[in-house]
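One-based numbering, in listed order, for ligands and for the atoms of each.
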Amino acid sequence: MRDIIDDFREMSRIFLAFFADLCYNVRMFSNESMNINAQGHLTFGGADCVELAEEFHTPLYVFDEAHIRTMMRTYRQALEDFYEGNGRILYASKAFCTSAMFRIAEEEGLGADVVSGGELFTALHAGFPADRLCMHGNNKLPGEISAALEAGVSRIVIDAFSEMDLLEEEAARRGMVQNVLLRINPGVEAHTHAYVQTATPDSKFGFSVANGEADRAVRELKAHPHLAFRGLHCHIGSQIFEKQSFVLAAEKCVAFMGHIREQYGLVCDELDLGGGFGIRYTKADPALTASDYRAFLEALCVSVKKNCRALDLKTPFLYLEPGRSIVGEAGITLYTVGAIKEIPGIRKYLAIDGGMFDNPRYCLYGSQYTAVLVSRAAESPVEKVAIAGKCCESGDLIGVDFDLPAAEQGDVLAILSTGAYNYSMASNYNRNLIPPVVLVREGKAELIVRPQTYDDLVSHDVIPPRLGRE
Ligand code: LLP
């Protein structure tokens with residue numbers, strides 16, 4: 001009898017695996033994080049997502065640790081292979097900033113970039129070494145500058161003239177010299193959403209090479225004795241797939257390195273080319289594997305070395321700052337379907353227990369996502385639905401074009417590729433609670449951000465005595 005049961009189990013496993021192959025929503029994601037188990041449930045990082053939803057409730061952010069580590073190693077190895085290890089990968093922590101992430105980045109030998117006092121504090125709280133931190137920001141506050149110097153961050157990227165003076169003053173007060181990079185705007189229009197382009201002529205970031213501001217910044221920096229110029233920084237934008245845009249930016253940076261050596265006798269020891277590599281959200285996006293990301297780095301490294309050789313410049317120490325491509329596909333969000341509304345001739349809405357407070361990216365950028373019905377992940381889609389959040393706002397949607405099997409109230413949905421810029425942009429809008437985060441390793445999930453409570457929400461409220469109750 002037991003044999004028959006085992007045979008039956010094996011047959012259903014093969015049968016389901018076959019169906020899994022048909023389910024494009026899962027199959028289209030070529031990463032290793034996702035699968036469908038014998039029960040037909042979506043698994044992520046080896047954990048059954050139905051069980052995750054039962055144990056931790058929804059909405060829930062889920063991260064696959066193996067995917068994060070693989071991406072970090074891919075980048076490190078590429079720098080080793082194509083640049084003789086003469087550089088450092090800085091994880092752009094804005095993509096997903098929690099203490100546990102800094103622990104992983106440190107274990108993997110990465111540095112990190114931080115853009116605010118809060119990100120800096122989180123890194124230090126996690127025990128991340130300050131000498132592997134690089135501080136960004138287009139308007140660093142005096143308190144942030146002083147916290148960065150106090151901590152001893154390795155590099156500060158200067159983004160404004162006023163900041164140069166603030167930093168000089170603070171470094172002088174402390175009797176120290178701070179290593180800095182200058183953020184330049186090389187004027188490269190990357191093909192991506194306008195809100196995440198950062199090197200167009202009309203950008204709040206960096207000193208423009210084209211209008212002479214970058215030259216002026218170099219000249220002024222020389223007059224600040226407590227700031228040591230180490231090199232240049234540029235970041236052209238985010239969610240970019242064209243290798244050519246990155247290479248063009250790198251070429252322009254190296255050309256500017258040559259220009260400032262000639263013009264001002266200043267040597268650039270370092271070059272930071274930012275982040276921005278795209279990931280897959282839907283089948284319309286290319287499916288990049290680790291070797292594609294390696295190829296991005298190879299193209300950049302080859303270009304920098306070649307152009308430096310041509311100008312007789314020393315090959316600079318290279319920084320890269322990937323964020324989204326490290327954590328984006330490593331994360332999904334689980335939701336439970338609540339109200340279902342069909343508007344005849346228009347569309348069907350599935351309302352979920354999350355929304356713009358845990359993922360504002362559709363509202364902000366019209367970002368597209370892919371959904372999977374977690375308990376019947378192998379089933380083929382039968383309808384197109386909109387997924388609506390629970391906020392009091394018509395625009396509160398995760399998207400309007402999801403292909404799904406017929407979902408019912410109580411079903412758990414997974415939205416894929418939510419690892420980057422979802423948790424980090426979450427809010428308490430409508431006093432909804434920001435979902436907890438679990439990290440899955442070999443099928444076992446652990447909380448890395450515990451659930452908020454309503455008490456947390458009111459814990460910062462103050463009632464002035466004159467409004468107090470008797
Ligand atoms: N370095 C700098 C200076 C940056 O400004 C950024 C991203 C990165 C690195 C990392 O770029 P990544 O590799 O993650 O593309 N909230 C938007 C994305 C904003 C990106 C901001 N800067 C979104 O949800 O798409």
Side-chain angles (χ1 to χ4, degrees), residues 61 68 71-72 74-75 88-97 101 105 110-116 119 133-140 155-160 181-186 188 190-200 203-207 232-242 245-246 249-250 253 271-282 285 288 292-293 296-297 300 318-331 333 356 358-369 398-399 415 417-427:
Y61 297 110
I68 295 169
M71 286 308 299
M72 289 179 168
T74 299
Y75 282 128
R88 171 168 285 162
I89 303 296
L90 305 173
Y91 165 59
S93 67
K94 73 203 79 178
F96 175 55
C97 184
M101 258 317 278
L110 267 61
D113 93 43
V114 291
V115 295
S116 68
E119 287 185 358
L133 287 176
C134 177
M135 178 88 174
H136 286 275
N138 69 306
N139 183 29
K140 298 175 196 74
R155 300 288 179 268
I156 294 185
V157 181
I158 294 184
D159 203 327
L181 304 177
L182 271 188
R183 178 162 183 170
I184 62 165
N185 175 350
V188 173
H191 181 237
T192 186
H193 193 284
Y195 288 6
V196 291
Q197 286 184 337
T198 48
T200 58
S203 171
K204 69 170 184 172
F205 295 108
F207 298 100
L232 303 176
H233 171 279
C234 94
H235 168 79
I236 56 171
S238 199
Q239 184 60 4
I240 298 164
F241 291 103
E242 302 86 46
S245 308
F246 292 114
C253 285
L271 177 61
D272 184 334
L273 292 174
F277 309 121
I279 63 161
R280 183 165 234 209
Y281 287 98
T282 72
D285 299 319
L288 302 187
D292 297 303
Y293 292 104
F296 275 126
L297 262 66
L300 284 175
L318 192 65
Y319 298 102
L320 289 159
E321 304 171 336
R324 189 192 309 269
S325 52
I326 288 179
V327 285
E329 290 184 37
T333 311
M356 64 192 290
D358 65 77
N359 181 0
R361 298 192 68 259
Y362 178 80
C363 310
L364 278 174
Y365 322 112
S367 304
Q368 303 295 307
Y369 283 96
I398 302 295
I415 301 293
S417 295
T418 59
Y421 304 108
N422 278 225
Y423 174 74
S424 54
M425 292 203 295
S427 75

If you count the atoms of ligand 1 from 1 in the order shown, which ones are under 4.0 Å from a heavy atom of Gly276?
11 (O), 12 (P), 13 (O), 15 (O)
Do His233 and His136 have ring centres separated by under 6.0 Å?
yes
Aromatic ring pairing Phe296/Phe277, orientation class (parallel under 30°, perpendicular over 60°, tilted between):
parallel
In ligand 1, the atoms that come under 4.0 Å of a heavy atom of Asp113 are 1 (N), 9 (C)
Are any of the N/O atoms on Gly323, whether in the backbone or the side chain, positioned under 3.5 angstrom from an N/O atom of ligand 1?
yes
Under 4.0 Å from a heavy atom of Ala92: give me the atoms of ligand 1 that qualify, with their elements.
8 (C), 9 (C), 10 (C)
Does Ala420 reach ligand 1, in the sense of a heavy atom lying below 4.0 Å from it?
no
Judging by distance only, is a nitrogen or oxygen of Arg183 under 3.5 angstrom from one on ligand 1?
no
Checking Asp358 against Thr333 for the side chain to side chain contact (heavy atoms under 4.5 Å, CB included) test, could you report, in this order, the C-alpha distance in whole Å, the side-chain angles of both residues, the deciding distance, and whether it holds?
CA-CA 9 Å; Asp358 65 77; Thr333 311; 4.2 Å; yes
Short list, please: which atoms of ligand 1 are under 4.0 Å from a heavy atom of Met425?
16 (N), 24 (O)
Tell me whether Pro322 has any N or O atom under 3.5 angstrom from an N or O of ligand 1.
no
Applying salt bridge (Lys or Arg N to Asp or Glu O under 4.0 Å) to Asp113 and not counting sequence neighbours gives Lys94
Could you say whether the N/O atoms of His233 and ligand 1 ever approach to under 3.5 Å?
no
Counting from 1, what ligand 1 atoms have a heavy atom of Tyr365 closer than 4.0 Å?
16 (N), 17 (C), 23 (C), 24 (O), 25 (O)
Shortest non-hydrogen contact from Ala249 toward Ile236:
CB-CG2, 3.5 Å
So is Phe205 in contact with ligand 1, going by heavy-atom distances below 4.0 Å?
no
With sequence neighbours excluded, residues passing side-chain hydrogen bond (donor to acceptor under 3.5 Å, both in side chains) with Ser367:
Arg361
Can you see whether Asp159 engages Asn138 through a side-chain donor-acceptor pair at a distance of less than 3.5 angstrom?
no
Among Arg324, His235, His136, Glu321, closest by any non-hydrogen atom to atom 25 (O) of ligand 1
Arg324
Output the list of atoms in ligand 1 that are nearer than 4.0 Å to some heavy atom of Arg361, sorted by atom number.
23 (C), 24 (O), 25 (O)
Show the nearest heavy-atom pair for residues Glu119 and Cys97, with the distance to one decimal.
CG-SG, 3.8 Å
Without swapping roles, check the side chain of Arg280 against the backbone of Asp285 for a donor-acceptor pair under 3.5 Å.
yes
